[in-house]
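First up is the structure itself, then whatever we jot down about it.
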There are 2 protein chains.
Amino acid sequence: MSLAHALMTSLLEKPSSGYDLARRFDKSIGFFWHATHQQIYRELARMEKAGWIASEAAPDGGKTRKRLYQVCPDGETELRRWVLEPTAPTDLRDELMVRLRADAAIGPLGLEPELRRRQALHEARLAAYRAIEQRDFPIGRSLSREARIQHMILKTGIMYEEAWARWSAETLKLLAE
Amino acid sequence: MSLAHALMTSLLEKPSSGYDLARRFDKSIGFFWHATHQQIYRELARMEKAGWIASEAAPDGGKTRKRLYQVCPDGETELRRWVLEPTAPTDLRDELMVRLRADAAIGPLGLEPELRRRQALHEARLAAYRAIEQRDFPIGRSLSREARIQHMILKTGIMYEEAWARWSAETLKLLAE
DNA sequence: TGCTCCATGTAACACGTTACATGATTGC
DNA sequence: GCAATCATGTAACGTGTTACATGGAGCA
């Protein structure tokens, strides 16, 4: 269970509603970790029951049903404990790899359009990340420790999309041979 | 549902038992896509019920309970259909990223040992993949289309582990600042 | 009035993990 | 005889996805 900890990390920086979390889930985490609102509401309910977070009606005079969540001391203790647990690396596990392998076994089946689509998709994301990088981490500005780590996380997303875009191009070349 | 299609791809190349599939799940897929034997047995049962695969007792004279599965025409039809479906890219979603983000918010918490552990882990995998590459795809040998695609998939795994090893090193440097 | 967005939720299901169980074969 | 490995399975649970539902607020 790690969605809970990801949400607490977001809430630590800014108390938010489930709806807000669902939409952004926090800039530098949400870019590469999507969660549906159902998942988030369910998890928030569990966390509140466990005493990790607490909620109050949003300060809008009861106009909306919005609830603001924030992290309790127990939640931060739990987060500190969890951070130092060992992690298992995430598998690659991209379906395109399986399709490619199937194409090798019984193909050629015409994967080129899909590869071009994927390449465009990764390049679009790459452009979006780079725009954010220029906006939030301009060159030559000295940054706090926190900002430097956040920048590192964004750069990881950039590296990831670069790698997939390059991979798509290379694989297209291979299929064209 | 894509485990089914991954399994069929493996079975197309070599009819196998659930046990065999669980152990190797096929070289160039299994390296970066792990599945437990329970998942595989459950999936094989479903696929047989759907008429995608068929099984027979292994030709060992009933000595073991081993069953050999192979792909039926309906299964191959389904696989061909599935291969051309559009794919969604896999999220990065590595827990280390969340831990790092939490460290930025409430840290420093001492993530260095974990990062060194992860770096060593990725480098070990990298070495294993490279050994396989040298064994199965020696330089200067001309390869079939199928082998070239399989080589591409292995190289993807190599790129992936390289990227994570490099990332670990860079992040360690950042935390040491 | 009707549309879109805000904001939260229930229910059912698919997929993945962990624990436990069973019995046969192989090797020391 | 005992342990390890082969080979298959059941059960329970945790996480993630999809469909559907509800009602208020803001705007043309």
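Naming convention: chains lettered A, B, ... in sequence-line order (proteins, then strands); numbering from 1 in each chain.
- Considering only side-chain N and O atoms, Gln38(A) lies nowhere under 4.0 angstrom from the phosphate OP1 or OP2 of dT10(C).
- Comparing His37(B) and Arg93(B), the nucleotide of DNA chain D nearest to each residue sits closer to the 5' end for His37(B).
- Between His5(B) and Trp52(B), the two ring planes are tilted [angle within 30° to 60°].
- One finds a side-chain N or O of Tyr19(B) lying less than 4.0 angstrom from the OP1 or OP2 phosphate oxygen of dC6(D).
- Residue Arg46(B) places at least one side-chain N or O closer than 4.0 Å to OP1 or OP2 of dC15(C).
- Put simply, Ser17(B) has a side-chain N or O that comes within less than 4.0 Å of OP1 or OP2 on dT8(D).
- Computed from coordinates, the Arg65(A) CZ to dG9(C) P distance equals 6 Å when rounded to whole Å.
- Separating the CG atom of Leu3(B) from the P atom of dG16(C) is a distance of 6 Å, rounded to the nearest angstrom.
- Panel note: side chain Thr90(B), backbone Arg93(A); a donor-acceptor pair is recorded below 3.5 Å.
- Listed pair Tyr41(B) / dT8(D) meets the phosphate criterion, a side-chain N or O lying under 4.0 Å from OP1 or OP2.
- Separating the CG atom of Leu7(A) from the P atom of dG16(D) is a distance of 10 Å, rounded to the nearest angstrom.
- Among the atoms of the strands shown, only primed sugar atoms or phosphate atoms (P, OP1, OP2) are found under 4.0 Å from some heavy atom of Arg67(A).
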